[in-house]
A.B. asks: 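Just dropping this structure here.
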Amino acid sequence: MAKNFTSRKENYSQWYNELVVKADMAENSAVRGCMVIKPYGYAIWEKMQATLDKMFKDTGHSNAYFPLFIPKSFFSREASHVEGFAKECAVVTHYRLKNDPDGNGIIVDEDAKLEEELIVRPTSETIIWDTYKNWIQSYRDLPILVNQWANVVRWEMRTRIFLRTAEFLWQEGHTAHATEQEAIDETIQMMNVYAEFAENFLAMPVLKGVKSPNERFAGAIETYCIEGLMQDGKALQAGTSHFLGQNFAKAFDVQYLNKENKLTYVWSTSWGVSTRLMGALVMTHSDDNGLVLPPKLAPIQVAIIPIYKKEEQLEAISEKLAPVIAALKEKGISVKYDDRDTYKPGWKFNEYEFKGVPVRLAMGPRDMENGTVEVARRDTLTKEILPLEGIIEHIEKLLEDIQNNLFQKALDFRTENIRKADSWDEFKDILENKKGFILAHWDGTPETEQKIKEESKATIRLIPVDGEMEEGKCIYSGKPSKQRVVFALSY
RNA sequence: CGGGGUAUAGCGUAGUCCGGUUAGCGCGCCUGCUUUGGGAGCAGGAGGUCGCAGGUUCGAAUCCUGCUACCCCGACCA
């Protein structure tokens, strides 16, 4: 059991905050609302990036980079877009500092006021569409399938490390298409890419669907999303993919000549996931002993700890393990052989356990005598002594098992926490006592959605896309409804 | 932006009400010896402009005034 570590039951959000810091993933910085992602946490993010990047490339996308700064005037071009982001924009107004003539250190030079103020990007649609305008003249220029890895800034009132920070890292895909259907297909394809990534790599089961108008991205016609369920029963939006229609094409006058020589507005999409996925990862699998990482995203998949008293013993163990380490690396498994003599074995056990390393091997004098090794798995916290012979195959299989087990556990948890509610009382009772996802009928109006949010704090997380149709009555207004939607308390 | 709170060593804190030795303790850090199969033990040691700026006083971490930063609760949000 970890020392000085809050349990989930005691205080879930404190557990989360402590875990992120103590597992060496990230910490709060000197800048309000901004985090420092530490090497261990960043290594996890790099694995996510590498995997997603490959998935994007495999679906025909290329990376590019657009400016951090966006001229203020660009923002006002798309009305609902500016409305959605205006309240949380950082603005650059000056470009020079000077020494204070009164000797109070350095101050902003008022003479260096920018002609036009610059917005630090909260998202890049506007600068990108202003640029695409010059790239697109003919149907031969389409589609444009571009992604960028970048940082963005949203000046949030209240921040939480990884889940909501003033600055965060993400990728944003921005595509342009000749036809509406092609853009819709792209939007859905990317939602599916995100879902596949979430389930196969994060080992986090997700629901897929579309957002209600209230929750839709500012400037989108339709927002598709994936939603995960955290261990405290709250939902987390883990990725969004937007069908933007011709909104930005019209706002930035992006037209192309089609085969019939007619000027036509292009159709567009945008889609993104962020460092918020790091928070999703923590809250899906981790336990009261610390972080639990799915093998596919673990920077260290196998930690190996020698147990010895004398230098000769260490040498003998190292020699015995050298071929094992080489063979594991040969298989593409990331291994850390921790032969530091500045920490004791017990300390190392706790260290790797807290940092979520999926598999731990230990070899000491007894194993040397018996030709065995101790194998411990993080997900179940179980240990077994196994013969060294055949250990590579065993570990390979074990990593797969752990990956699958984590997904299955998370899936079982979610299955247990999806409930139907057929009345307002039942709905409120579930929210108060159990939380989780609630399937309920809704009359389809923003007014009702707003009322439900005000009275219960729950929001519509998504409207299932291929969900079964079922006639029913809205739990709040009693008006007719054709389909259940998914409600939850959310991050 | 409203309401509440906090600021003392890298981290966590005692002391503040009621001013008075060298600001104490735990973790961590450094040195040495003994240890090493689940966060070792003992001994010694380093580390503080008590958030900042004024004021009261013989004397301020402690009292007064102003400022700043951060945390929690709300409204806003990936």
Side-chain angles (χ1 to χ4, degrees), chain A residues 1-5 11 13-14 17-18 21-22 27-34 83-89 104 122-123 151-160 162-172 194 211 214-218 220 223 225-228 235-242 270-280 289-290 303 305-311 313-314 317 338-355 360-370 372-376 381 383 385 453-454 457 459 461 490-491:
Chain A
M1 185 60 88
K3 266 197 302 192
N4 306 320
F5 181 47
N11 184 338
S13 74
Q14 195 180 334
N17 291 337
E18 284 180 15
V21 172
K22 290 188 176 183
E27 60 192 27
N28 283 309
S29 71
V31 187
R32 194 198 86 94
C34 297
E83 197 184 320
F85 286 105
K87 283 169 292 191
E88 49 189 40
C89 284
N104 295 321
T123 180
N151 58 337
V152 285
V153 169
R154 296 181 187 175
W155 215 260
E156 301 288 351
M157 300 275 192
R158 296 195 60 193
T159 58
R160 286 197 70 191
F162 286 129
L163 298 172
R164 183 170 295 108
T165 45
E167 180 193 14
F168 57 94
L169 305 182
W170 77 344
Q171 57 70 215
E172 46 180 326
Y194 289 153
K211 286 294 185 192
N214 282 0
E215 301 280 324
R216 197 178 282 155
F217 175 72
T223 288
C225 66
I226 57 169
E227 293 275 331
L236 183 82
Q237 177 172 306
T240 49
S241 183
H242 315 292
S270 70
W271 29 272
V273 295
S274 72
T275 36
R276 175 176 249 208
L277 289 178
M278 299 284 285
N289 295 299
I305 297 162
I307 294 153
Y308 61 95
K309 290 185 184 170
K310 297 174 193 146
E311 195 61 28
Q313 285 176 314
L314 173 61
I317 292 169
D338 190 349
D339 60 354
R340 290 177 295 176
D341 61 0
T342 45
Y343 293 95
K344 293 180 60 183
W347 191 94
K348 293 176 186 173
F349 290 171
N350 284 285
E351 171 84 353
Y352 292 113
E353 187 166 292
F354 204 92
K355 289 178 135 188
R360 186 189 71 228
L361 304 184
M363 184 179 268
R366 287 204 298 272
D367 297 301
M368 288 296 279
E369 262 178 49
N370 304 329
T372 56
V373 64
E374 183 190 84
V375 182
L381 293 168
K383 299 192 277 199
I385 309 283
K453 184 178 176 180
E454 281 165 18
K457 295 200 169 174
T459 49
R461 298 323 301 156
S490 74
Y491 278 94

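First the proteins, then the strands, lettered A, B, ... as listed; each starts at 1.
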A.B. asks: May I ask you to say what A:D341 touches in the nucleic acid, namely base, sugar-phosphate or nothing, with a heavy-atom cut-off under 4.0 Å?
C.D. replies: nothing

A.B. asks: Rounded to the Å, how far apart are A:N151 CG and B:A78 P?
C.D. replies: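 Distance check: A:N151 CG to B:A78 P gives 18 Å.
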
A.B. asks: Of the listed nucleotides (B:G39, B:G38, B:C76), which one gets closest to any side-chain atom of A:W347?
C.D. replies: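 From the listed options, B:G39 comes nearest.
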
A.B. asks: Considering heavy-atom distances to RNA chain B, does A:N28 or A:R216 have its closest nucleotide positioned more toward the 5' end?
C.D. replies: A:N28

A.B. asks: For a quick check of understanding: with a heavy-atom distance under 4.0 Å over all strands, which category does A:L163 fall into, base, sugar-phosphate or nothing?
C.D. replies: base

A.B. asks: If you look at every strand shown and take non-hydrogen atoms under 4.0 Å, does A:T372 touch a base, only sugar-phosphate, or nothing?
C.D. replies: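 No contact.
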
A.B. asks: For the side chain of A:E351, starting at C-beta, report the closest nucleotide among B:A78, B:G39, B:G37.
C.D. replies: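 Between B:A78, B:G39, B:G37, the one nearest the side chain of A:E351 would be B:G39.
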
A.B. asks: Without decimals, in angstroms, what is the distance between A:I305 CD1 and B:G37 C1'?
C.D. replies: 11 Å

A.B. asks: Using the P atom in both, what is the distance from B:C17 to B:U62, to the nearest Å?
C.D. replies: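 Rounded to whole Å, the distance is 9 Å.
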
A.B. asks: Looking at every strand, decide which applies to A:Q237 at a 4.0 Å heavy-atom threshold: base, sugar-phosphate, or nothing.
C.D. replies: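 Contact class for A:Q237: sugar-phosphate only.
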
A.B. asks: Could you check whether any side-chain N or O of A:S29 sits under 3.5 Å from a backbone N or O of A:C34, counting only pairs where one atom can act as donor and the other as acceptor?
C.D. replies: yes

A.B. asks: Rounding to an integer number of angstrom, what distance separates B:G12 and B:U56 when you compare their P atoms?
C.D. replies: 35 Å

A.B. asks: Are A:Y343 and A:D338 linked by a side-chain donor-acceptor pair shorter than 3.5 Å?
C.D. replies: no

A.B. asks: Just to confirm, is there a sub-4.0 Å distance from OP1 or OP2 of B:A40 to any side-chain nitrogen or oxygen of A:K344?
C.D. replies: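 Yes, because at least one side-chain N or O of A:K344 sits under 4.0 Å from OP1 or OP2 of B:A40.
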
A.B. asks: Output the distance between atom CD1 (A:I305) and atom NZ (A:K348), rounded to the nearest 0.5 Å.
C.D. replies: 6.5 Å

A.B. asks: Nearest whole Å is fine: how far is B:A78 C1' from A:K87 NZ?
C.D. replies: 15 Å

A.B. asks: Decide yes or no for A:R340 and A:W347: does some side-chain heavy atom of the first lie under 4.5 Å from some side-chain heavy atom of the second?
C.D. replies: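 The answer is yes; the side chains approach within 4.5 Å.
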
A.B. asks: Looking only at the side chain of A:N350 (C-beta and beyond, no hydrogens), which of the listed nucleotides B:U36, B:G38, B:A78 gets closest?
C.D. replies: B:G38

A.B. asks: Please map the stems of RNA chain B, keeping only stretches of three or more Watson-Crick or G-U wobble pairs with both distances under 3.5 angstrom.
C.D. replies: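 Ordered by first number, the stems with RNA chain B (at least 3 consecutive pairs each) read B:1-7 with B:68-74, B:10-13 with B:24-27, B:29-34 with B:40-45, B:51-55 with B:63-67.
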
A.B. asks: Does B:U36 have OP1 or OP2 under 4.0 Å away from a side-chain N or O of A:K309?
C.D. replies: yes

A.B. asks: Under 4.0 Å, heavy atoms only, any strand: does A:R32 hit a base, just the sugar-phosphate, or nothing?
C.D. replies: sugar-phosphate

A.B. asks: Select base, sugar-phosphate, or nothing to describe what A:R340 touches, counting heavy atoms under 4.0 Å on all strands.
C.D. replies: nothing

A.B. asks: Go through the N and O atoms of the side chain of A:K383 and the base of B:G38, and report whether any donor-acceptor pair is under 3.5 Å.
C.D. replies: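 Per atom types, the contact qualifies.
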
A.B. asks: Among B:G74, B:C76, B:U36, which nucleotide sits nearest the side chain of A:K457?
C.D. replies: B:G74

A.B. asks: State which of B:A75, B:G37, B:A78 makes the closest approach to the side chain of A:M157.
C.D. replies: B:A75

A.B. asks: Could you tell me whether A:Y343 contacts a base, only the sugar-phosphate backbone, or nothing, with contacts defined as non-hydrogen atoms closer than 4.0 Å?
C.D. replies: nothing

A.B. asks: For A:K211, is there an ion pair with A:E227 - N to carboxylate O distance below 4.0 angstrom?
C.D. replies: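 Salt bridge between A:E227 and A:K211, a charged N being under 4.0 Å from a carboxylate O: yes.
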
